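My structure is below; once you've seen it, I'll send some questions.
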Amino acid sequence: MANNPQEPVAGDAPAALPPTDHAAELAELAGGFIHEIKNHISTLGLNIQLLAEDFEQAKTPQERKAYDRILRLQNECQRLSELSNDFLRFARLRGIDRQSTSLLEVVGDIVEFFSPTARAAGIEIKTFLPTNLPLVAMDVDLFKQALLNLMLNAEQAMVEGGELIVQARAEPGWVRLDVIDNGIGMTPETMAKCFKAFHTTKAGGNGLGLPTTRRIVEMHGGTIEVQSEPGKGTQFTIRLPIELKG
């Protein structure tokens, strides 16, 4: 004889599970997947390197042809490894450690860091940074990454050198930062897609630099906008909220 189902006891309702953060769960899953792929890429790259050493002293035309193919495979492995690293940084951007910070100092540090690259590319950097800018709450390392992405984007847009302007000013409730180049600019179609992951018009690019920058800015409660015109250059404008005094 089957037992009758037991009536639930009042007050003994099953404990509710915490809501699932699907975005965080997906990011963690993607991060683990890419990390596993990186391990296989590393193994593949190591074996290709050993194979390249075997053919380094190629003598016959057939051996030299094989060596050239091996070098191309090495380059592709390197690109896959770099793409994996960039994607992991993008997917795992969640927590930030914000501290009261002077934007003037942060911009000064990253401009100094980028200056040798700019000089080698024939780019002159000009800064217009008031000394009395309000403080902002910022994760310094993350924001430096975002700003460096914008400068690298500007460098790639100025293939024959040019001028890079970094300027800031206070606005009601915000600190505004402009990064302006006089490079090749973007069409309206390209500009509309520039913050989409994996969209790129650059040879060898992976399309994660600008999406990563936007994500970092938004994690700080800020906004980022772009204005551009083909043949005249591009301006990115970041606004960060002024730190409120407690």
Side-chain angles (χ1 to χ4, degrees), residues 21-97 109-123 139-159 190 193-217 219:
D21 185 341
H22 293 291
E25 186 178 47
L26 183 60
E28 192 62 31
L29 179 64
F33 177 70
I34 294 297
H35 184 75
E36 184 64 23
I37 287 178
K38 277 189 62 182
N39 291 336
H40 292 290
I41 292 173
S42 296
T43 301
L44 180 61
L46 176 61
N47 281 276
I48 291 176
Q49 180 181 343
L50 294 174
L51 191 60
E53 291 174 1
D54 291 339
F55 280 86
E56 194 170 8
Q57 304 299 325
K59 296 179 181 178
T60 68
Q62 186 175 3
E63 288 176 341
R64 287 193 293 271
K65 188 175 182 179
Y67 182 63
D68 289 340
R69 289 175 175 171
I70 291 169
L71 292 182
R72 286 197 291 272
L73 286 174
Q74 275 188 312
N75 290 334
E76 289 302 314
C77 279
Q78 181 63 31
R79 289 185 60 186
L80 282 173
S81 179
E82 291 171 356
L83 175 60
S84 299
N85 289 333
D86 289 342
F87 180 80
L88 283 175
R89 281 191 290 268
F90 177 75
R92 291 178 172 172
L93 282 175
R94 287 195 299 276
I96 61 175
D97 180 21
D109 286 347
I110 203 68
V111 166
E112 182 179 357
F113 174 80
F114 186 70
S115 288
T117 300
R119 284 195 297 270
I123 296 171
D139 185 313
V140 172
D141 290 337
L142 269 184
F143 191 78
K144 283 183 177 179
Q145 179 186 337
L147 186 54
L148 180 60
N149 286 343
L150 292 183
M151 291 184 172
L152 289 171
N153 191 76
E155 177 206 358
Q156 293 163 359
M158 295 185 284
V159 291
T190 299
K193 297 177 181 178
C194 70
F195 290 117
K196 289 187 176 181
F198 301 112
H199 173 78
T200 182
T201 59
K202 302 178 180 68
N206 58 39
L208 286 174
L210 291 179
T212 298
T213 292
R214 182 178 68 174
R215 191 164 178 181
I216 291 172
V217 170
M219 289 168 67

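Index from 1, following the sequence. Since the structure is predicted, the reported quantities are computational estimates derived from the model, not experimental observations.
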Completion exercise
Taking every heavy atom of Glu155 against every heavy atom of Ile123, the minimum-distance pair comes out as CA-CD1, 3.7 Å
Exercise for the section: Output all residues satisfying side chain to side chain contact (heavy atoms under 4.5 Å, CB included) with Val140, sequence neighbours left out; order by chain, then residue number. Expected result: Thr101, Val106, Lys144
Fill in the blank from the handout: For Ile216 and Leu142 the tightest heavy-atom approach is CD1-O, 3.4 Å
Handout entry: Asp97 backbone acceptor or donor facing Asp139 side chain under 3.5 Å
Key = yes
Show the atom names and distances, to 0.1 Å, of all donor-acceptor pairs under 3.5 Å that link a side chain in residues 43-52 to residues at least two apart or in another chain.
residue : atom : partner : partner atom : Å
Thr43   : OG1  : Asn39   : O            : 3.1
Asn47   : ND2  : Thr43   : O            : 2.8

Handout entry: Interatomic distance, Phe195 atom CZ to Thr212 atom OG1 [nearest 0.5 angstrom]
Key = 11.5 Å
Practice task
Hey, could you give me the CG/CG distance between Asp109 and Leu148, rounded to the nearest 0.5 Å?
Solution key: 12.5 Å
Practice task
Drop me the distance from Asn153's CG to Leu210's CG, to the nearest 0.5 angstrom.
Solution key: 4.5 Å
Only pairs under 3.5 Å count here: list side-chain donor-acceptor contacts from residues 65-72, not counting sequence neighbours, and write none if there are none.
none

Handout entry: Gap separating the CZ atom of Arg214 from the CG atom of Leu150, nearest 0.5 angstrom
Key = 13.0 Å
Exercise for the section: Tell me, yes or no, whether the heavy-atom count around Glu53 atom CD, taken from other residues, nucleotides or ligands under 6.0 Å, exceeds 12. Expected result: yes
